2 protein chains.
Amino acid sequence: MNMDTKTEPAQASSTKLLDAAVHVIRSKGYSAARVEDICAEAGLTKGAFFHHFASKEACAIAAAAHFAANADALFDAAPYSLLPDPKARVLGYVDFRKAILQGELPQFTCLLGTMVQEAYESHPAIRAACDRYISEHAGRLASDIAEAKARYAPDAAWTPESAALFSQAVLQGAFILAKARHGPKVAADCLDHLRRYFERLFESGAPEPATP
Amino acid sequence: MNMDTKTEPAQASSTKLLDAAVHVIRSKGYSAARVEDICAEAGLTKGAFFHHFASKEACAIAAAAHFAANADALFDAAPYSLLPDPKARVLGYVDFRKAILQGELPQFTCLLGTMVQEAYESHPAIRAACDRYISEHAGRLASDIAEAKARYAPDAAWTPESAALFSQAVLQGAFILAKARHGPKVAADCLDHLRRYFERLFESGAPEPATP
DNA sequence: ACGACCATACCGACTGGTTGGTATGCACCT
DNA sequence: AGGTGCATACCAACCAGTCGGTATGGTCGT
């Protein structure tokens, strides 16, 4: 009935390794992240690592999935997602992303963007995983944007998908600038601009949409 | 009077190494870029490499400067920079950045953004160099934005500096998405959104500014 | 109940290829 | 003669991945 043999908290070792991999790779990048770094961070050894993952690359791909799943849960649980107005949800998303720019850089930067920078040519499987999870996340945002567009800017030339990807680009770029500046302030400024962009996109057509 | 000993074109070896370093690091990232990769790309050997650079890190920092100098020259020579209207220069910058999204990914992505992702924690000197050159480039753009703002949106709440950094974020993020998707199309779409943002920022106040 | 048997989980020493960096020497120029 | 520019050969550290071994717990025949 219970699955932990020790007195330890029941967190599975593979989860510990994945959490550690996410953290180490976010700090140093994929290539510079040593397997032993990940093991040390997880409080385990290489034996455990290669018991759970066939290779470092396989671990990175699993870490990408782990990271994406955590992110999904985080955004699902965020209060803005319950707002009835899709425009408010889109702006709420931006505000929420700004609000979680807290703590050290490896705690809020994006594993997927970090990894794909280094791995896009040399590790096709990693590139594919990052592409998939970034696109999935953008797709969720695109739904809200599409709804908001239908209501507030139905005739605009841009597509919801491209606007969602644009948001992801702003975020990824904001993380790069935050790393360069060694602090999240620049990133917050960038999100202010993104918010203003969405405000303008959704303001022009219908200040107050009439209910049908 | 001439400085080349062979029949080869007179390009200095150190320039060849820097060009090679830029290309290799843009392809694989800093950590995965081996010194021998750079040497091979330059058609030289490690003897030459360590004759010109004290370490791999020193080469990377020199490559960042080299890359920034090349970029400066490129944008100085671009036709948009001669436009009299600052708003046209800002939009021309975006258009120009979109226009140079050609060829393979390592040919148009940003060395600075790529490096700082991996190096921001472990290699402070690289981080500082990337920060400096990104900020300098943004500063040049900020001048045009400031002029355009003074003319077209003098009362707006945002600062030219933050708008310039926002543009850099969009670009950096667009490169990440392009790497994830393995093609420049997403990046071009992102630049369309950035252009639209600037259009809106500069349209509201004064459609046609009166000359003083 | 009990031991034989096996699977899972994990440890940690070891290996072999890799890689940043060094030592040395040579060719050419001034 | 001496210095610059570069090649070749080499070294020592590093690191992904291997492997033999241990511990634990579940299953099944008896």
Side-chain angles (χ1 to χ4, degrees), chain A residues 1-21 24-25 27-63 66 115 118-119 121-126, chain B residues 1-21 24-25 27-64 66 115 118-119 122-126:
Chain A
M1 194 179 289
N2 68 345
M3 27 185 56
D4 55 328
T5 64
K6 320 269 182 70
T7 60
E8 306 248 328
Q11 192 190 25
S13 290
S14 85
T15 305
K16 275 200 268 188
L17 285 167
L18 288 174
D19 284 337
V24 174
I25 297 176
S27 301
K28 323 174 37 161
Y30 172 74
S31 308
R34 293 175 308 162
V35 170
E36 285 177 309
D37 292 336
I38 298 171
C39 296
E41 177 90 12
L44 294 167
T45 62
K46 292 219 295 203
F49 184 94
F50 285 102
H51 175 73
H52 288 284
F53 306 109
S55 65
K56 181 183 167 183
E57 183 178 1
C59 172
I61 291 167
H66 182 68
M115 278 204 300
E118 317 172 52
E121 270 214 359
S122 21
H123 300 262
I126 294 182
Chain B
M1 193 180 290
N2 70 345
M3 26 185 55
D4 55 328
T5 64
K6 320 271 180 69
T7 60
E8 305 252 327
Q11 192 189 27
S13 289
S14 90
T15 305
K16 275 200 268 188
L17 284 167
L18 288 174
D19 284 337
V24 173
I25 297 175
S27 302
K28 325 181 22 169
Y30 172 73
S31 308
R34 294 174 308 164
V35 171
E36 286 178 315
D37 292 336
I38 298 171
C39 296
E41 177 91 13
L44 295 165
T45 63
K46 291 211 308 195
F49 184 94
F50 285 101
H51 175 72
H52 289 284
F53 307 110
S55 65
K56 181 183 168 185
E57 183 178 1
C59 172
I61 292 167
H66 182 66
M115 278 204 300
E118 316 172 54
S122 22
H123 299 263
I126 293 182

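None of the values given here were measured: they were computed from a predicted structure.
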Taking DNA chain D as the partner, which of residues 38-48 of chain B come within under 4.0 angstrom of it by heavy atom?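 Close to the strand are B/Leu44, B/Thr45, B/Gly47, B/Ala48.
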
Which atom names give the shortest non-hydrogen contact between [X] and [Y], and what distance separates them?
| X | Y | result |
| --- | --- | --- |
| A/His52 | A/Ser14 | ND1-CB, 3.7 Å |
| A/Ile38 | A/Ala21 | CG2-N, 3.7 Å |
| A/Leu18 | A/Cys59 | CD2-O, 4.2 Å |
| A/Phe50 | A/Ser55 | CE2-CA, 4.1 Å |

Go nucleotide by nucleotide along DNA chain D from the 5' end; which of B/Glu36 and B/His51 gets its closest nucleotide reached first?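 By nearest-heavy-atom nucleotide position, the 5'-most residue is B/His51.
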
cation_pi(B/Lys56, B/Tyr30) dist<6.0 Å, angle<=45: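 Output yes; distance and angle both within limits.
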
May I have the distance from [X] (atom [atom1]) to [N] (atom [atom2]), rounded to whole angstrom?
| X | N | atom1 | atom2 | result |
| --- | --- | --- | --- | --- |
| B/Leu17 | D/dG5 | CG | P | 12 Å |
| B/Lys16 | D/dG5 | NZ | P | 14 Å |
| B/Lys56 | C/dT22 | NZ | P | 15 Å |
| A/Phe49 | D/dA16 | CZ | C1' | 9 Å |
| B/Arg34 | D/dA13 | CZ | P | 21 Å |
| B/Phe50 | D/dC6 | CZ | C1' | 14 Å |

Shortest side-chain distance from B/His52, nucleotide among D/dC6, D/dG17, C/dC10: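 Per side-chain heavy atoms of B/His52, the pick is D/dC6.
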
Of the options C/dG20, D/dC15, D/dC6, whose atoms approach the side-chain atoms of B/Ser13 most closely?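 In terms of side-chain proximity for B/Ser13, the closest of C/dG20, D/dC15, D/dC6 is D/dC6.
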
Taking A/Glu118 for its side chain and A/Ser31 for its backbone only, find out whether a donor-acceptor pair lies under 3.5 Å.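 Yes; at least one donor-acceptor contact below 3.5 Å.
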
